[in-house]
Amino acid sequence: MQVDRTATRPLAAAKISQMQALFFLGGQRSLVLEALLCLNYYIIALGAASLSQVVTHTLMKSITYWPQLVLGLTFYSTVFGSCDWSVCLPLYFSGVVWTSIYDTIYAHQVLDDDIRVGVKSIALRFQEHTNNWLSGLMMAMMLRLVVAGFNAEQTLPYYATLWLFTSHFSGYIYTLDINKPEDCWKKLISIRNLGLLLFLGIVCGKKEDTLYFQEFDTAPFTPFQPLL
C-alpha cells in the first residue's frame, strides 16, 4: 500500500479481502497441480522443488541486494523426462542472468519506493554504476548461450540470431537512462521482443534430424515428452 506501482492492486486497495485472495490463489494452485500431474515424474519433482524458490524470492528483498538472482532461479522449463546437463546448465544460468538484467532495469523505476519501504535490489546496490554491471551480466549471459548452443549442436541461424541479439542488447544497455522511469520501461518492453528473436533463432538453428514428434499409440499418455 505504500508503493505507488502496487497501491491500486486489488488486495492493496482493499477491493478484495485476504480470504478471497487466498481462495483465488488456492484455485490457481489446484489448476497448476492438475496440469503438473499429467507430466512425468521428473518434471513433477522439478515443479515441487521450485516452490521453495518462489516463496523465498520476496523474502530475499529484505535480506540481500541480489533478489533478482533468486527470481532468476525460479524460472526453468523441461521437455524430456531427463536432463542433458551440458546444455541445460548453461542455458539455465543464462536465464538467471537474463532475469536479473530485466528485473534490475524494472527496479530502477521504483527506487524511491524501495528505499521508503526498506527493500533491497541490485539497482539500489549499484545505482549509478548499474549500466556497467548490466554490461558484464550481458556478456556472461552471451557466453553461456554460446556454450549451450555448441553443446546442443545448434547451426548458423542460431549464432546469427545471437549476434543480432547481442548487438541490439548492447545498444539498449548503452543508451539506458536509469534516472528516467519512462526510458527504463521502454527498454524493458524492447527486451521482451529480443527474447522472441532469440527463441526463433533457437528453433531455426536446430538440426532437422533432431526435430521430431512423439507418435502416440496405446501406451500411457505422457504429454510433452518429448516434443522437440
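Both backbone and side-chain heavy atoms feed into the values below; hydrogens, waters and symmetry mates do not. As the structure is a prediction and not an experimental result, all values here were calculated from the model.
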Should we say atom CD of E182 is surrounded by more than 12 heavy atoms from elsewhere, each under 6.0 Å from it? yes

Minimum side-chain heavy-atom gap T130-I122 below 4.5 Å: no

Measuring only between side-chain heavy atoms, which start at C-beta, is T166 closer than 4.5 Å to L145? no

Quick check: closest heavy atoms across A123 and A107, and the distance to 0.1 Å? CB-CB, 3.8 Å

Under a 3.5 Å distance rule, please check whether N151 uses its side chain to pair with a backbone N or O of S86 as donor and acceptor. yes

Drop me the distance from Y102's OH to L194's CG, to the nearest 0.5 angstrom. 14.0 Å

Hydrophobic cluster identity match, V147 and F150, side-chain contacts under 4.5 Å: no

What distance do L22 atom CG and Q20 atom CD have between them, rounded to the nearest 0.5 Å? 10.5 Å

Reported SG-to-CG distance for the pair C204 and L156, which is rounded to 0.5 angstrom: 11.5 Å

Tightest non-hydrogen contact, residues L91 and A148, listed as N-CB, 4.0 Å

Cluster question for you: counting only ILVMFWY and a side-chain heavy-atom cut-off of under 4.5 Å, with indirect links fine, are I191 and I189 together? yes

Here the ring pair (Phe, Tyr, Trp, His ring centres under 6.0 Å) pairs for residues 104-143, sequence neighbours left out, are W66-F126, F126-W133

Angle between ring planes, H168 versus Y172, binned at 30° and 60°: parallel, tilted or perpendicular? tilted

Please tell me if the side chains of W185 and L188 come closer than 4.5 Å, counting only heavy atoms from C-beta onward. yes

Check: N131 and Y174 side chains under 4.5 Å, non-hydrogen atoms: no

Identify which one of V97, T104, N132, I173 satisfies the side chain to side chain contact (heavy atoms under 4.5 Å, CB included) criterion when paired with L137. V97

Q28 side chain reached by F24 side chain, heavy atoms, under 4.5 Å: yes

For C184 and Q109, which heavy atoms make the closest approach, and how far apart are they? CB-CG, 3.6 Å

Can you find a pair of side-chain heavy atoms, one from L143 and one from M139, that are under 4.5 Å apart? no

L89 side chain near R144 side chain, heavy-atom distance below 4.5 Å: no

For Q18, look at atom CD and say whether over 12 heavy atoms of other residues, nucleotides or ligands are found less than 6.0 Å away. no

A side-chain contact here means heavy atoms from C-beta on lying under 4.5 Å apart; do L134 and I105 qualify? yes

Check for a donor-acceptor pair, side chain of Y159 on one end and backbone N or O of G205 on the other, with a separation under 3.5 Å. no

Out of curiosity, does V146 fall in the hydrophobic cluster containing I101 (side-chain heavy atoms, cut-off under 4.5 Å, transitive links)? yes

So CD1 of I178 and CD of E128: to nearest 0.5 Å the spacing works out to 4.5 Å

If the condition is side chain to side chain contact (heavy atoms under 4.5 Å, CB included), which residues does W163 pass it with, not counting sequence neighbours? S167

What distance do M138 atom CE and S100 atom OG have between them, rounded to the nearest 0.5 Å? 14.5 Å

Atom CE of M141 and atom CG of L198: how far apart are they, to the nearest 0.5 Å? 7.5 Å

